[in-house]
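These figures come from a predicted structure and were not determined experimentally.
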Amino acid sequence: MYKILNTDGMAKRAEFKTVHGTIQTPVFMNVGTIGVIKGAVSTIDLEEINCQVELSNTYHLHIRPGDEIVKKLGGLHKFMNWNKPILTDSGGFQVFSLAKLRGITEEGVHFNSHIDGKKIFIGPEESMRIQSNLASTIAMAFDECIPNPSSRDYVTNSVNRTTRWLKRCIVEMDRLNQQEDTINKNQLLFGINQGGVYEDIRIEHAKVISDLDLPGYAVGGLAVGETTEEMYYILEKVVPHLPRNKPIYLMGVGTPENILEAVERGVDFFDCVLPARNGRHGHVFTTNGKINLMNKKYELDDKPIDDKCTCEACCNYSRAYIRHLFKAKELLALRLCVLHNLNFYNTLLSDIRKSIESNEFSKFKKQRLEEWKRG
């Protein structure tokens, strides 16, 4: 299922075979929270920019349109017209992000919907059932994303509960994958390592969940308030205690610089709303660093966003024109910049894969960081 093709230090170049196709890693998953990329980007566009994996969110799709509706329409792949792999987040992050609207118990989490205030409940079994209805390729275990800072006692109790929840997820997914009406009977489950910035708790949790022999593992609860140095340190300490022969997913990260640093520490999978969110505000990534198209200096700039990029925006339009679209509040501006940024990320990961194949990742990383800094 997961095969390492080459290594360069801790960096891994691998492929991960799934029922919906083979994922070449390291990979950046393009985030379509409710089954769509914000910014008028279609799944046809995703094909054009070489997206390998689309990521959607269990909580949001459960709220709207409803996972039962998606199941009746043939599952998320058919619903959104996407035949490549999909990873669904478990809804656990909403435990963190909707702190004022929820209450955590051993059974799960009681929410008030952020849309209409309706009371809902998601526990491990509910999360697995929702994700089974969505029929994603990879389902994430239900966990609590621990806020930073948190006391050691709180983190210990939370991690222990997350482990108990994971075991319940495994049982429920095994059951669901055997049901006659299940759309994707080959759905995979990834476990999530938690522990805040407590190195020893993280390592112990990594050991415990590794023994469960899951298809893949994620490192969660980072990029939620700790420094980048703390994040890199935790990765250095934790990743070696997760199975080397399984894909490792760093959840919700991050900047291009973050990705290079994490690949160097053995991470395979990434996702982040950053490229799409930045694009919707005119902030675009280039081979010479990030630029803000709203700046007046681009008013007469007839160059493409990045002359080394082959995306739809760069092949057809100038910085000045796209800036004009933003000033005129035209939606095409959002679409072009989101497409460009996602293409930038997907191309970056492709280049990372090539550099690991040729055992030149360290050289590649140093060169890119210098280029971005100069810009």
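- Identified under the salt bridge (Lys or Arg N to Asp or Glu O under 4.0 Å) test for residues 190-210, with sequence neighbours left out: R152-D200.
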Show your working on salt bridge (Lys or Arg N to Asp or Glu O under 4.0 Å) between D181 and K71 and close with a plain yes or no.
CA-CA 10 Å; D181 66 340; K71 182 177 182 179; 3.0 Å; yes
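- Between F16 and F269, the angle of the ring planes goes over 60°, which puts this pair in the perpendicular group of the 30/60° scheme.
- Judged purely by atom type and a 3.5 angstrom limit, K12 has no side-chain atom pairing as donor or acceptor with the backbone of I4.
- Classification of D351 and R368 as a salt-bridged pair holds, one side-chain N sitting under 4.0 Å from a carboxylate O.
- With hydrogens and angles disregarded, no donor-acceptor distance shorter than 3.5 Å links the side chain of H283 to the backbone of I291.
- For the residue pair D45 and S42, a side-chain donor N or O sits within less than 3.5 Å of a side-chain acceptor on the partner.
- Residue L250 is grouped with residue L274 when hydrophobic side chains (ILVMFWY) are merged at heavy-atom distances under 4.5 angstrom, including chains of intermediate members.
- Using a 4.5 Å heavy-atom threshold, the side chains of L336 and L325 count as touching.
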Show, in sequence, the C-alpha distance, side-chain angles and deciding distance for I44 and N81, and conclude whether the side chain to side chain contact (heavy atoms under 4.5 Å, CB included) test is met.
CA-CA 9 Å; I44 311 305; N81 188 30; 4.0 Å; yes
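- Sorted by first then second residue, the salt bridge (Lys or Arg N to Asp or Glu O under 4.0 Å) pairs that include residues 224-243, not counting sequence neighbours, are E236-R265.
- Judged by distance alone, with hydrogens and angles left aside, the side-chain atoms of S358 form a donor-acceptor pair with the main-chain N or O of K354 at under 3.5 Å.
- Inter-residue side-chain proximity for Y59 and I120 is flagged as met; some heavy-atom pair is nearer than 4.5 Å.
- Under the 4.5 Å side-chain criterion, counting only non-hydrogen atoms from C-beta, V41 is in contact with L46.
- Atom-to-atom distance recorded for N184:CG and L188:CG is 7.5 Å, nearest 0.5 angstrom.
- Contact record, G35 with L61: N-CD2, 4.2 Å, taken as the closest heavy-atom pair.
- Between the side chain of E54 and the backbone N or O of V31 there is no donor-acceptor pair closer than 3.5 Å.
- Residue-environment remark: CZ (R64) stays at or below the threshold of 12 foreign heavy atoms within 6.0 Å.
- For the pair E299 and K296, the salt-bridge criterion is met [side-chain N within less than 4.0 Å of a carboxylate O].
- For H77, the ring pair (Phe, Tyr, Trp, His ring centres under 6.0 Å) partners are H20, not counting sequence neighbours.
- Salt bridge annotation for D116-K118: absent, with no cationic side-chain nitrogen under 4.0 angstrom from a carboxylate oxygen.
- With no hydrogens or angles considered, no side-chain donor-acceptor pair links S90 and Q131 at under 3.5 Å.
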Output, in order, the C-alpha distance, side-chain angles, deciding distance and verdict of side-chain hydrogen bond (donor to acceptor under 3.5 Å, both in side chains) for D271 and Y249.
CA-CA 9 Å; D271 83 281; Y249 165 27; 2.7 Å; yes
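- Under 3.5 Å, the side chains of N278 and N341 contain no donor-acceptor pair of N or O atoms.
- Under the rule for a salt bridge (charged side-chain N to carboxylate O under 4.0 Å, His left out), D302 has no partner lying at least two apart in sequence or in another chain.
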Could you walk me through whether L76 and M80 pass side chain to side chain contact (heavy atoms under 4.5 Å, CB included), step by step?
CA-CA 6 Å; L76 192 54; M80 64 184 290; 3.9 Å; yes
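- The pair D268-K246 does not meet the salt-bridge criterion, since no charged nitrogen lies less than 4.0 angstrom from a carboxylate oxygen.
- Every pair passing salt bridge (Lys or Arg N to Asp or Glu O under 4.0 Å) that includes a residue from residues 160-179 is listed here, sequence neighbours excluded: E106-R164, E107-R168, E125-R168, R129-E172, E144-R161, E172-R175.
- The side-chain heavy atoms of L189 and C169, taken from C-beta on, include a pair separated by under 4.5 Å.
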Could you please spell out the steps behind the side-chain hydrogen bond (donor to acceptor under 3.5 Å, both in side chains) verdict for N359 and N6?
CA-CA 8 Å; N359 296 303; N6 196 37; 3.2 Å; yes
Working note: I192 + M140, criterion side chain to side chain contact (heavy atoms under 4.5 Å, CB included); need CA distance, chi angles, decisive distance, verdict.
CA-CA 8 Å; I192 304 175; M140 298 304 299; 3.6 Å; yes
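- Counting heavy atoms of neighbouring residues, nucleotides and ligands inside a 6.0 Å radius, atom CG of L331 does not exceed 12 of them.
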Assess whether side-chain hydrogen bond (donor to acceptor under 3.5 Å, both in side chains) is satisfied between D306 and T287, documenting all intermediate values.
CA-CA 7 Å; D306 188 338; T287 48; 3.3 Å; yes
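- Put simply, the side chain of I209 reaches to within 4.5 Å of the side chain of Y217, judged on heavy atoms.
- Taking a 6.0 Å sphere around NZ of K185, one finds it holds more than 12 heavy atoms contributed by other residues, nucleotides or ligands.
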Checking Y345 against F28 for the ring pair (Phe, Tyr, Trp, His ring centres under 6.0 Å) test, could you report, in this order, the C-alpha distance in whole Å, the side-chain angles of both residues, the deciding distance, and whether it holds?
CA-CA 7 Å; Y345 268 64; F28 180 79; 4.6 Å; yes
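- K84 NZ: more than 12 foreign heavy atoms inside a 6.0 Å radius.
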Would N258 and T255 count as a side-chain hydrogen bond (donor to acceptor under 3.5 Å, both in side chains) here? Give the steps.
CA-CA 5 Å; N258 291 158; T255 66; 3.1 Å; yes
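- You'll find the side chain of L339 reaches within 4.5 Å of the side chain of I49, heavy atoms only.
- Ring orientation note: the planes of F344 and W372 are tilted relative to one another, at an angle of 30° to 60°.
- Put simply, the side chain of L260 does not reach to within 4.5 Å of the side chain of E264, judged on heavy atoms.
- Counting heavy atoms from C-beta on, the side chains of T163 and H205 come closer than 4.5 Å.
- For the atom pair CG of L87 and OG1 of T58, the computed distance is 8.5 Å after rounding to the nearest 0.5 Å.
- A donor-acceptor pair under 3.5 Å is formed between the side chain of T25 and the backbone N or O of A14.
- Considering only residues two or more places apart in sequence or on other chains, F121 meets the ring pair (Phe, Tyr, Trp, His ring centres under 6.0 Å) condition with H110.
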